[in-house]
Amino acid sequence: MSSETPQQTDAPPLTEQLAPGTATDPPVRSTDAATVTVDGTRVEVEAGATLLDAVEAVDTEDDVPALCSYGRQEIGPRSECRTCMVGTDEHGVVPACSFPATDGLTVQTAAADAAEARDVNLDLVLSDHNLRCTTCGKNGRCELQDAAIEQEVEEPRYGVLDDRDEYEPIDDSSSFIQIDRNKCILCNRCVEACNDVQVEGVLRIEGTGQDTRIGFQSDAETMEDSTCVSCGHCVTVCPTGSLVEKGIEDATTIPLPGFTQKNSVGKTYESTGKSKGPMTPKKRTERTPEKPTNEMIDAPTDDSTSSDAWDDDAQSGGDWL
């Protein structure tokens with residue numbers, strides 16, 4: 001017998017082969033503690049901080065939205081939306097969420113070119129959103145809505161999704177999560193929560209240009225057909241109503257006779273009835289099988305009868321039969 005110990009691999013329990021560019025961003029933060037001056041106020045930040053951390057530590061002259069930044073759980077920064085642009089003496093206009101806070105930097109949040117960049121980029125984000133806030137379940141608790149109000153946006157200069165009459169069907173197929181891509185701002189938070197935090201490897205950004213969308217690593221068309229295990233972490237980090245928990249998707253909707261998000265979009269992917277339980281394949285394999293009783297052994301077998309057992313198919317994520 002060989003005395004060599006087999007090499008242990010530290011592979012994460014991903015359910016799919018990850019597409020590039022969807023997980024584990026390279027470090028872009030500062031390597032040392034630093035003192036930064038923001039709008040005339042000196043602030044000390046720890047190693048690993050970005051300019052956004054410094055901006056959030058002081059009472060700034062202008063509001064800096066930073067819609068794609070989450071700031072917790074090592075999600076981001078991705079610097080996708082560019083609504084956090086600030087002016088610096090040393091480097092000009094830079095994205096605060098991904099620019100490292102190095103010692104001696106001077107930041108002006110009210111610099112004219114930076115404020116204009118934030119306004120333009122916020123309007124670009126709004127142009128990919130349908131802005132039907134009154135029939136959205138996240139009305140009143142939406143970060144995009146908050147940013148538009150704080151920036152006093154009255155009419156986005158590039159229009160909104162309604163103007164282009166381009167809708168994606170609402171994915172209502174999952175028993176736990178609803179996806180409305182017409183509200184998605186492609187901030188990538190959900191993809192990182194799925195891949196980097198939960199390490200499930202289900203979501204991805206796919207497509208290019210105006211066809212860019214949230215998709216599935218397995219190439220599935222619907223959430224029900226994907227390998228999603230319904231952990232719900234993507235929902236908790238979504239800044240808009242694009243990903244919502246089922247059961248509260250209409251929680252803050254203002255009733256309008258005959259008008260809902262579903263009937264206004266025109267098409268919805270509904271559930272086929274074969275829904276998944278909220279449990280990962282790894283956890284299911286750790287369950288101790290129930291010891292059969294005499295009544296269970298003697299009972300006639302009927303394959304068509306439903307039971308509360310898992311279809312432990314690791315590829316599909318398992319189904320509740």
Side-chain angles (χ1 to χ4, degrees), residues 12-25 67-68 70 75-76 78-81 124-125 127-130 136-138 144 161 164 166-246 249 261-262 265-272 274-276 278 280-281 313-319:
L14 298 174
T15 57
E16 303 290 346
Q17 183 70 33
L18 282 179
T22 59
T24 316
D25 298 312
L67 286 170
C68 70
Y70 189 61
I75 294 178
R78 293 285 296 188
S79 198
E80 301 280 358
C81 68
L124 286 170
V125 171
S127 71
D128 271 337
H129 193 81
N130 64 15
C136 176
K138 290 286 285 292
L144 178 60
L161 194 61
R164 302 203 305 272
E166 298 173 354
Y167 300 109
E168 285 218 48
I170 293 177
D171 187 347
D172 206 30
S173 62
S174 165
S175 297
F176 301 95
I177 299 169
Q178 182 189 80
I179 305 178
D180 186 350
R181 293 183 175 86
N182 305 298
K183 304 172 188 172
C184 178
I185 62 173
L186 300 175
C187 66
N188 208 66
R189 289 188 192 179
C190 60
V191 177
E192 294 205 31
C194 180
N195 297 339
D196 288 351
V197 181
Q198 293 297 328
V199 203
E200 293 295 346
V202 176
L203 299 177
R204 70 180 180 191
I205 296 286
E206 62 184 20
T208 59
Q210 66 178 7
D211 296 325
T212 305
R213 68 201 289 268
I214 296 296
F216 303 104
Q217 299 277 353
S218 60
D219 291 328
E221 183 60 29
T222 67
M223 182 70 90
E224 182 183 39
D225 292 334
S226 76
T227 53
C228 174
V229 295
S230 306
C231 71
H233 205 143
C234 57
V235 174
T236 65
V237 302
C238 179
T240 71
S242 184
L243 287 157
V244 294
E245 183 179 353
K246 294 292 287 291
E249 63 267 37
Q261 286 283 342
K262 276 191 174 183
V265 168
K267 183 177 180 181
T268 302
Y269 293 133
E270 301 287 357
S271 171
T272 62
K274 189 179 181 182
S275 60
K276 299 172 183 175
T280 65
D313 180 356
Q315 181 65 32
S316 66
D319 297 315

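What's counted below: heavy atoms across the whole structure, side chains too, no hydrogens, waters or symmetry copies.
Under the 4.0 Å criterion applied to side-chain N and carboxylate O atoms, D219 and R204 are assigned as salt-bridge partners.
One distance of note links SG of C190 with CG of L243; it measures 5.0 Å at 0.5 Å rounding. Rounding to the nearest 0.5 Å gives a distance of 11.5 Å between CG of N130 and SG of C184. Atoms OG and CD1, from S174 and I179 in turn, are 8.0 Å apart once rounded to the nearest 0.5 Å. Distance CG/D128 to CZ/R213: 13.5 Å, rounded to 0.5 Å. Here CG of D180 is found 8.5 Å from NE2 of H129. Values are rounded to the nearest 0.5 Å.
For CD of E245, the number of neighbouring non-hydrogen atoms (other residues, nucleotides, ligands) closer than 6.0 Å is 12 at most.
Annotation for L203 and N195: closest pair O-ND2, 3.3 Å, computed over non-hydrogen atoms. Between V202 and C194 the shortest heavy-atom distance is N-SG, 3.2 Å. Between T236 and Y70 the shortest heavy-atom distance is O-OH, 4.1 Å. Counting all heavy atoms, side chain and backbone alike, F216 lies closest to E206 at N-OE1, 4.0 Å. Nearest heavy-atom pair across C234 and I177 is SG-CD1, 3.9 Å. Taking both residues in full, the closest heavy atoms of E224 and E270 are given as OE1-O, 4.4 Å, listed atom of the first, atom of the second, then distance.
With a 4.5 Å cut-off on side-chain heavy atoms, K246 and D172 count as touching. Put simply, the side chain of E80 does not reach to within 4.5 Å of the side chain of L186, judged on heavy atoms. With a 4.5 Å cut-off on side-chain heavy atoms, K138 and V244 count as touching.
Formation of a donor-acceptor pair under 3.5 Å by the D171 side chain with backbone atoms of M223 is found in this model. Side chain of K183 to backbone of C136: no donor-acceptor contact under 3.5 angstrom is found.
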Can Q217 and T227 be said to form a side chain to side chain contact (heavy atoms under 4.5 Å, CB included), step by step? CA-CA 9 Å; Q217 299 277 353; T227 53; over 6 Å; no

Quick one: do E168 and N182 satisfy side chain to side chain donor-acceptor pair (under 3.5 Å)? Show the steps, please. CA-CA 6 Å; E168 285 218 48; N182 305 298; over 6 Å; no

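N188 pairs with exactly one of I75, V237, I214, I205 by the side chain to side chain contact (heavy atoms under 4.5 Å, CB included) rule, that one being I205. Among C81, C238, P239, the one residue that satisfies the side chain to side chain contact (heavy atoms under 4.5 Å, CB included) test with C187 is P239.
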